[in-house]
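First listed ligand is number 1; within each ligand, the first listed atom is number 1. In this text the structure is predicted, and so the values were computed from the model without any measurement.
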Amino acid sequence: MTHERTQVAIVGAGPAGLTLGQLLYRAGIDAVVLEDRSRDYVEARIRAGVLEQGTVDLLERAGVTERLQREGIVHHGIYLQFDGERHHIPLSELTGGRSIVIYGQTEVVKDLIAARLDAGLPLRFEVSNVAVHGFEGGEPFVTYEHDGGERRLDCDVIAGCDGFHGVCRPVIERVLRTYSREYPFGWLGILADVAPSSDELVYNHHARGFALLSLRSPTRSRLYIQCRPDEDIADWPDERIWEELHARTALDGWSLEEGPVLEKGVTGMRSFVAEPMQHGRLFLAGDAAHIVPPTGAKGLNLAMHDVRVLADALIEWYDNGRAGLLDSYSADCLRRVWRAEHFSWWMTSMLHRAPGGDEFDEKLQLSQLRYVTTSTPAATSLAENYVGLEE
Ligand code: FAS
Ligand code: PHB
């Protein structure tokens with residue numbers, strides 16, 4: 001078994017792990033990033049598309065926004081559509097100028113990987129049998145296999161950035177309290193080679209189910225429809241998907257443009273939080289600690305907030321020997337986690353047709369939608385959560 005030492009061992013090369021590695025590097029703190037999938041696999045995963053300004057600012061601090069500044073699309077509002085009407089929520093007007101940036105998580109990950117490899121920093125893909133040890137006794141280390149050999153990585157701290165299905169949260173299961181809600185529906189998402197048919201995102205409430213019109217670039221659309229969580233994508237030929245999208249987004253005087261479907265998939269939906277997000281020298285960040293339904297566009301942005309808090313805490317610890325921010329890491333993250341959990345649940349409940357829901361449910365949803373689109377205080381509440389609450 002080969003031995004190696006670093007300051008911070010980062011498990012997972014998703015946006016959380018990669019951004020943490022970059023922030024630590026720029027602060028002169030060594031880290032090793034371990035990823036069990038291949039680079040191609042990680043870079044091909046299509047996930048989030050909406051970046052809060054805080055996320056863009058953090059990526060700027062990480063030094064990886066050269067392409068984002070060129071290709072990112074700034075949006076100042078979204079639409080809510082229901083009862084045959086499309087209403088604009090002027091996000092920037094309601095939040096003193098804050099906006100969102102449309103830039104795929106896939107692109108964020110590609111930029112972070114390129115930056116790390118260009119700097120010659122350790123990022124190991126296709127590792128296996130990762131296990132974390134010693135984090136309760138102050139001498140943490142990670143064991144794993146790579147290139148056919150067994151490895152041991154000694155460190156001061158382990159950052160569990162390995163997502164919902166990773167290995168870091170399970171090892172502290174006994175000290176965790178978890179909170180979760182499974183939703184009786186999921187999203188079927190497509191990436192289509194066609195210009196978006198609307199200038200900003202459109203969240204559609206419809207009797208047949210929710211639909212979302214989003215985008216990835218001026219020539220590439222990202223669209224979703226609510227579906228059963230166990231939907232078999234093989235049952236959804238492109239024609240059926242477009243038919244459902246037309247039905248759920250129809251609006252007088254407007255039409256949805258179709259195009260070649262480049263990618264399609266079904267993702268389930270859950271709300272989940274594990275408390276606390278730290279134990280000894282193990283710190284959980286991102287989806288390893290919490291999951292939100294994507295309706296509020298919070299998952300990626302929440303992961304980035306965790307990583308900012310953790311990076312600042314580690315820098316304080318290494319530079320000044322003070323552990324205060326590390327000790328309060330979990331509490332400092334969970335305030336924002338629960339705000340995002342509530343907002344994501346609220347957006348999801350307002351816009352999706354729950355199987356078995358009745359007319360009373362629908363009337364409540366329509367009342368909420370009408371209130372949010374006609375009351376400035378109500379619209380402001382949605383807007384400030386959507387663009388990301390200021391620290
Ligand atoms: P990730 O899951 O992104 O990264 C964890 C990394 O750890 C992965 O690369 C994984 O391969 C690796 N890993 C796992 N186990 C490991 C092990 N044992 N050893 C080493 N590495 C290991 N959010 C939005 O805001 N909007 C959306 O539309 C949206 N859509 C989504 C669709 C899907 C299908 C999914 C699953 C999530 C979606 N999300 C969305 C949420 C998503 O963007 C996450 O919030 C974001 O990826 C969180 O980043 P990380 O915490 O880095 O976790
Ligand atoms: C996306 O573009 O993938 C997207 C946008 C907004 C959401 C969820 C997903 O709420």
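Figure legend: Arg37 and Tyr41 shown as a cation-pi pair, the cationic atom lying under 6.0 angstrom from the six-membered ring centre and within 45 degrees of its axis. In this structure, Arg322 fails the cation-pi test against Trp317, since its NZ or CZ atom is not both closer than 6.0 Å to the six-membered ring centre and inside 45 degrees of the ring normal.
Minimum interatomic distance between Val157 and Pro140 (heavy atoms only, all atoms of both residues): N-CG, 4.0 Å.
For the side chain to side chain donor-acceptor pair (under 3.5 Å) test, no residue two or more places apart in sequence or in another chain qualifies with Asp287.
Protein residues with any heavy atom under 4.0 Å from ligand 2: Arg47, Gly49, Val50, Trp187, Leu201, Tyr203, Leu212, Ser214, Arg216, Arg222, Tyr224, Pro294, Thr295, Ala297.
Residues Leu176 and Arg169 form a side-chain contact, since some pair of their non-hydrogen atoms from C-beta on lies under 4.5 Å apart. Looking at Val261 and Asp193, their side chains never come closer than 4.5 Å, going by heavy atoms from C-beta outward. Proximity of Thr178 to Val273: side-chain heavy atoms (C-beta onward) are nowhere separated by under 4.5 Å.
Screening residues 113-136 for salt bridge (Lys or Arg N to Asp or Glu O under 4.0 Å) gives Glu4-Arg124, Glu136-Arg174 as the qualifying pairs, with residues at least two apart or on separate chains.
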Are there any protein N or O atoms under 3.5 Å from the N or O atoms of ligand 1? List them with distances, or say none.
unit_1, atom_1, unit_2, atom_2, d
ligand 1, 2 (O), Arg47, NH1, 3.1
ligand 1, 3 (O), Arg47, NH1, 2.7
ligand 1, 9 (O), Glu35, OE1, 2.7
ligand 1, 9 (O), Glu35, OE2, 3.4
ligand 1, 9 (O), Arg45, NH1, 3.4
ligand 1, 9 (O), Arg45, NH2, 2.6
ligand 1, 11 (O), Glu35, OE2, 2.7
ligand 1, 11 (O), Asp36, OD1, 3.2
ligand 1, 11 (O), Arg45, NH1, 3.4
ligand 1, 21 (N), Asp36, N, 3.2
ligand 1, 25 (O), Gly299, N, 3.2
ligand 1, 25 (O), Leu300, N, 3.4
ligand 1, 43 (O), Gln105, OE1, 2.5
ligand 1, 45 (O), Asp287, OD1, 2.9
ligand 1, 45 (O), Gly299, O, 3.3
ligand 1, 45 (O), Leu300, N, 3.2
ligand 1, 47 (O), Arg47, NH1, 3.0
ligand 1, 47 (O), Gln105, NE2, 2.9
ligand 1, 51 (O), Asp287, N, 2.9
ligand 1, 52 (O), Pro15, N, 3.3
ligand 1, 52 (O), Ala16, N, 3.0

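The side chain to side chain donor-acceptor pair (under 3.5 Å) test with His88 singles out one residue from Glu200, Glu93, His76, and that residue is Glu200.
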